[in-house]
Amino acid sequence: MCHSDVLTKEGVLPGIEYPRVPGHEVVGIVDEVGDGVSAWKKGQRVGVGWHGGHDNTCRECRRGDFRHCKNQKISGISYDGGYQQYMLAPIEALAAVPDTFSDADAAPLLCAGVTTYGALRSSGALPGDLVGVQGIGGLGHLGIQFANKFGYQVAAIGRGAENAALAKKLGASLYIDSEATSAAAELQKLGGAKAIIATAPNSKAMSALIDGLAPDGQLMVIGATSDPIEVTPTQLIFGSHGIQGWAAGPPAESEDTLKFAELTGVRPMIETYPLERAEEAYARMMSGKAQFRVVLTM
């Protein structure tokens, strides 16, 4: 389960056709393949993430930029997702899942995992650089692990001293309590962060981090919220700072994420519920108290 499932359940996005089954972090076994399908076989283990398909004909697709397909499909929004025993998915939405992963461990990597992995990989930070991860939740707890395995000096940024021990356990070099101190000032004491991955959907907290960037540093925004991030032109100009949004990638990036996690031991922290308790699981996820991804099993 992902917080973005609220888009389907609450009808936030215009144009969703109902009834609709949510779910875009899905792992299962191919039960049947359609006519003419040769790349996938019955019995193969696969996953489906946020990126639920692309048209292969628009300008972006013709240039290999499937992430920005003009007619991109979204699993659980464009068609029925994974809160069910069986689902249909287009072949361009499938990612191969290594046998070393359990279904429950692999599923969160197809959205939360690929998003944090891709943002870090595209941030411009190099091994040894200081990288901040804002938020220690469903996205952030994976971001800290990936950042550690990438060889960064990882500064985890959270609210409250109680998160410090977990952040260190996940691989953070240091923990910054943003309630007790200025996170930007603490980052600047270390020379500034080459990248900050903003995972918690709090625009005010994101805005406060911009001054913590090193020269040419990037604030990579992956926590979705509708409130504006506030920044002055001078904050960007002096230091050549940048702000970039980053969304979950296509299946090839999901496979990269899974392979890297397999090699390095990165795993999500999960709570599991049987499918028949989906409503209870959804409420747990929405409460913000889950540690950290809620997974439906069957």
Side-chain angles (χ1 to χ4, degrees), residues 67 95 98 100-101 105-106 108-158 163-178 183-200 206 209-223 236 239-250 252-269 292:
R67 176 197 308 277
T100 52
F101 282 95
D105 280 343
L109 296 177
L110 300 176
C111 180
V114 66
T115 304
T116 51
Y117 176 84
L120 286 164
R121 187 168 66 168
S122 302
S123 69
L126 297 175
D129 283 341
L130 176 65
V131 169
V133 178
Q134 174 251 2
I136 305 173
L139 290 164
H141 89 285
L142 288 169
I144 293 170
Q145 292 182 71
F146 281 127
N148 172 268
K149 298 302 182 182
F150 276 22
Y152 301 142
Q153 180 186 6
V154 185
I157 304 162
N163 292 314
L166 176 60
K168 296 290 185 66
K169 180 180 178 181
L170 292 169
S173 308
L174 69 151
Y175 176 74
I176 301 173
D177 177 5
S178 61
E186 293 301 311
L187 291 171
Q188 285 299 337
K189 289 178 182 178
L190 299 170
K194 186 64 177 179
I196 300 173
I197 311 300
T199 74
M206 294 179 190
L209 294 174
I210 294 169
D211 287 334
L213 292 170
D216 296 310
Q218 289 281 328
L219 177 69
M220 303 293 289
V221 178
I222 62 176
L236 300 178
S240 302
H241 301 139
I243 302 174
Q244 181 177 357
W246 195 265
E253 292 186 20
S254 291
E255 292 182 356
D256 289 347
T257 303
L258 289 164
K259 289 176 183 177
F260 185 84
E262 183 182 30
L263 287 170
T264 59
V266 173
R267 295 293 186 274
M269 296 175 65
F292 282 102

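When reading the values below, keep in mind they use all heavy atoms of this one structure, side chains included, and skip hydrogens, waters and symmetry mates. Just so it is clear, the model here is predicted, and its values are computed rather than measured.
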Shortest non-hydrogen contact between I157 and A183, atoms and distance: CG2-CB, 3.9 Å
State, to 0.1 Å, how close A147 and V133 come at their nearest heavy-atom pair, and which atoms those are. CB-CG2, 4.5 Å
Nearest-0.5 Å distance, NZ of residue K149 to OH of residue Y117: 14.0 Å
For T115 and A247, indicate whether the former's side chain and the latter's backbone hold a donor-acceptor pair under 3.5 Å. no
Rounded to the nearest 0.5 Å, what separates atom CG in L130 from atom CG in L174? 7.0 Å
Applying salt bridge (charged side-chain N to carboxylate O under 4.0 Å, His left out) to E253 and not counting sequence neighbours gives R67
Which atom pair, heavy atoms only, marks the closest approach of G249 to S254? O-OG, 4.4 Å
Donor-acceptor pair, side chain of H141 and main chain of M269, under 3.5 angstrom: yes
Checking T199 against I222 for the side chain to side chain contact (heavy atoms under 4.5 Å, CB included) test, could you report, in this order, the C-alpha distance in whole Å, the side-chain angles of both residues, the deciding distance, and whether it holds? CA-CA 5 Å; T199 74; I222 62 176; 3.8 Å; yes
Contacts of R267 meeting salt bridge (charged side-chain N to carboxylate O under 4.0 Å, His left out) (sequence neighbours excluded), chain-then-number -> none
One pair to check against side chain to side chain contact (heavy atoms under 4.5 Å, CB included): I243 and L236. What are the steps and the verdict? CA-CA 9 Å; I243 302 174; L236 300 178; 4.3 Å; yes
Nearest-0.5 Å distance, CD1 of residue I136 to CZ of residue F292: 7.0 Å
Can you check whether L219 reaches I196 side chain to side chain, under 4.5 Å on heavy atoms? yes
Report the C-alpha distance between Q153 and L190 in whole Å, list the side-chain angles of each, state the deciding distance to 0.1 Å, and finish with yes or no for side chain to side chain contact (heavy atoms under 4.5 Å, CB included). CA-CA 10 Å; Q153 180 186 6; L190 299 170; 4.3 Å; yes
With sequence neighbours left out, the residues meeting ring pair (Phe, Tyr, Trp, His ring centres under 6.0 Å) with F101 are none
Any residue meeting salt bridge (charged side-chain N to carboxylate O under 4.0 Å, His left out) with D216, in chain and number order, not counting sequence neighbours: none
Would the F146 and Y152 ring centres measure less than 6.0 Å apart? no
Smallest heavy-atom separation, D129 atom then K194 atom, equals OD2-CG, 3.6 Å
Separation between CG (L209) and CD1 (I176), nearest 0.5 Å, reads 8.5 Å
Atom pair CG/OG1 of L258 and T100 - distance to nearest 0.5 Å: 9.0 Å
Test side chain to side chain contact (heavy atoms under 4.5 Å, CB included) on T116 and I144 and set out the steps. CA-CA 9 Å; T116 51; I144 293 170; over 6 Å; no
F260 and F150 aromatic ring geometry - parallel, tilted or perpendicular at 30°/60° bounds: perpendicular
Minimum heavy-atom distance between P108 and L142, given as atom pair plus value: O-CD1, 4.5 Å
Could you tell me which non-hydrogen atom of S123 sits nearest to which non-hydrogen atom of M220, and how far apart they are? CB-CG, 4.0 Å
Under the 3.5 angstrom rule, does the side chain of S240 hit a backbone N or O of P215 as a donor-acceptor pair? no
Identify, with sequence neighbours excluded, every residue that meets salt bridge (charged side-chain N to carboxylate O under 4.0 Å, His left out) alongside E186. K189
By side-chain contact (heavy atoms from CB on, under 4.5 Å), which residues pair with Q188, not counting sequence neighbours? none
